Amino acid sequence: MDTKAFKRSLQHSENYNRKGFGHQAEVATQLQSEYQSNLIQEIRDRNYTLQRGDVTIRLAQAFGFCWGVERAVAMAYETRQHFPTEQIWITNEIIHNPSVNQRMQEMEVEFIPIEGKNKDFSVVGTGDVVILPAFGASVQEMQILHDKGCKIVDTTCPWVSKVWNTVEKHKKIDYTSIIHGKYKHEETVATSSFAGKYLIVLNLQEAEYVASYIINGGNREEFLTKFAKACSAGFDPDQDLARVGIANQTTMLKGETEQIGKLFERTMLQKYGPTELNQHFQSFNTICDATQERQDAMLELVEQNLDLMVVIGGFNSSNTTQLQQIAFERGIPSYHIDTVERIKSGYSIEHRQLNGQLITTKNWLPNGEIVVGITSGASTPDKVVEDVIEKIFAMKATAAVV
């Protein structure tokens with residue numbers, strides 16, 4: 001399929017909208033009342049630090065809603081305002097935040113149901129309105145909706161679209177796209193649908209396995225078993241790794257994506273020599289600015305003298321997980337929570353570990369004076385961060401009285 005031609009055709013369709021509906025002012029007021037926080041603004045104004053009693057809060061200097069997320073949520077609100085009575089669907093969570101997605105459901109924006117492992121588009125009727133979320137949707141899903149005559153509201157983040165353009169460039173010149181990402185993640189599913197030949201690597205360890213195969217060869221069946229769910233149909237590692245281009249899921253760790261890019265550049269240089277490198281390797285910068293800024297701010301925050309770290313964001317939020325990874329690697333006691341309700345008391349907190357397991361930790365909030373680092377993923381409203389901070393203040397104040 002010529003995905004570039006399909007996108008062009010779709011974008012010229014009268015049923016396609018990517019710019020909103022002219023209700024920005026009203027929606028901005030609504031979003032501010034529902035998601036913004038006076039306390040968070042106060043902490044920003046105080047050089048990202050606030051002390052009450054025994055608690056000092058140190059807030060990362062870049063956190064929370066990014067521009068792409070704000071845009072997607074605003075367009076979803078505009079869509080409901082513009083189509084007050086129509087049936088509205090969304091192909092996935094608008095963003096990875098439970099409170100925002102709950103709000104979508106309260107506005108009667110329905111999620112496409114899943115039967116088994118696949119979405120059931122049979123429930124979508126001609127003329128229904130369908131929102132594509134910030135992570136985008138696969139080209140196959142767009143084709144189904146276009147063929148049904150749906151009104152499509154595309155909130156895909158432009159940074160994600162940039163990655164799609166990159167893998168299409170790889171496809172045009174018959175390069176295999178090596179995508180740094182999680183093969184099950186909605187964004188990577190969408191990106192791979194725009195690629196020709198592709199291979200998805202989760203981390204540097206998997207990338208090193210692939211690089212070794214390029215240089216030394218290896219067990220082909222083992223390779224195909226290892227990447228069975230993370231490569232294009234008919235992928236042949238003995239043929240399809242001769243020319244590679246780098247792309248990424250925009251929410252992965254910036255440093256690791258860069259390491260993977262440099263690894264494959266060195267690998268192709270070793271295999272083919274400097275004069276042939278450009279015929280076997282391509283790399284474009286597809287790292288999202290917002291993801292990079294939040295990771296850089298987190299790296300600065302963990303250099304301070306913190307007693308513990310609270311990372312706030314959806315449990316299926318990749319960029320939030322990467323922030324948690326930074327705290328973990330520094331050995332700082334850290335707790336990834338998605339809502340304030342995960343904090344049961346000063347003695348008990350339910351939180352997600354990096355392996356995805358949800359556990360409860362006792363005595364997580366130390367006695368006496370403490371410094372707490374706070375950050376949040378790009379899909380987390382300031383109001384949620386405020387709720388967490390206020391609960392920590394309240395629990396420490398109660399403990400001091402007792």
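From a predicted model like this one, the values you see are computed outputs, not experimental measurements. Side chains included, hydrogens not; waters and symmetry mates left out as well; all remaining heavy atoms used.
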Listed partners of [X] passing salt bridge (charged side-chain N to carboxylate O under 4.0 Å, His left out), at least two apart:
X    : result
E256 : none
E110 : none
E369 : none

For residues 240-253, which residue pairs qualify under salt bridge (charged side-chain N to carboxylate O under 4.0 Å, His left out), counting only residues two or more places apart or in two chains?
K197-D240
Report the relative orientation of the aromatic rings in [X] and [Y]; use parallel for angles under 30°, tilted for 30 to 60°, perpendicular for over 60°.
X    : Y    : result
H96  : H185 : perpendicular
F194 : W164 : parallel
H351 : Y335 : perpendicular

Pairs meeting criterion side chain to side chain donor-acceptor pair (under 3.5 Å) with involvement of residues 59-75, two or more places apart:
none
Residue pairs fulfilling ring-ring contact (aromatic ring centres under 6.0 Å, His included) with at least one residue in residues 221-257, sequence neighbours excluded:
Y209-F223, Y213-F223, F223-F227
N-O pairing of E168 and K7 below 4.0 Å
yes
Does a salt bridge link K262 with E265, judged by any charged N lying under 4.0 Å from a carboxylate O?
no
Between the side chain of S177 and the main-chain N/O of Y198, is any donor-acceptor distance below 3.5 Å?
no
Take F21 and F83 through the ring-ring contact (aromatic ring centres under 6.0 Å, His included) test and state the conclusion after the steps.
CA-CA 10 Å; F21 299 97; F83 299 104; 5.4 Å; yes
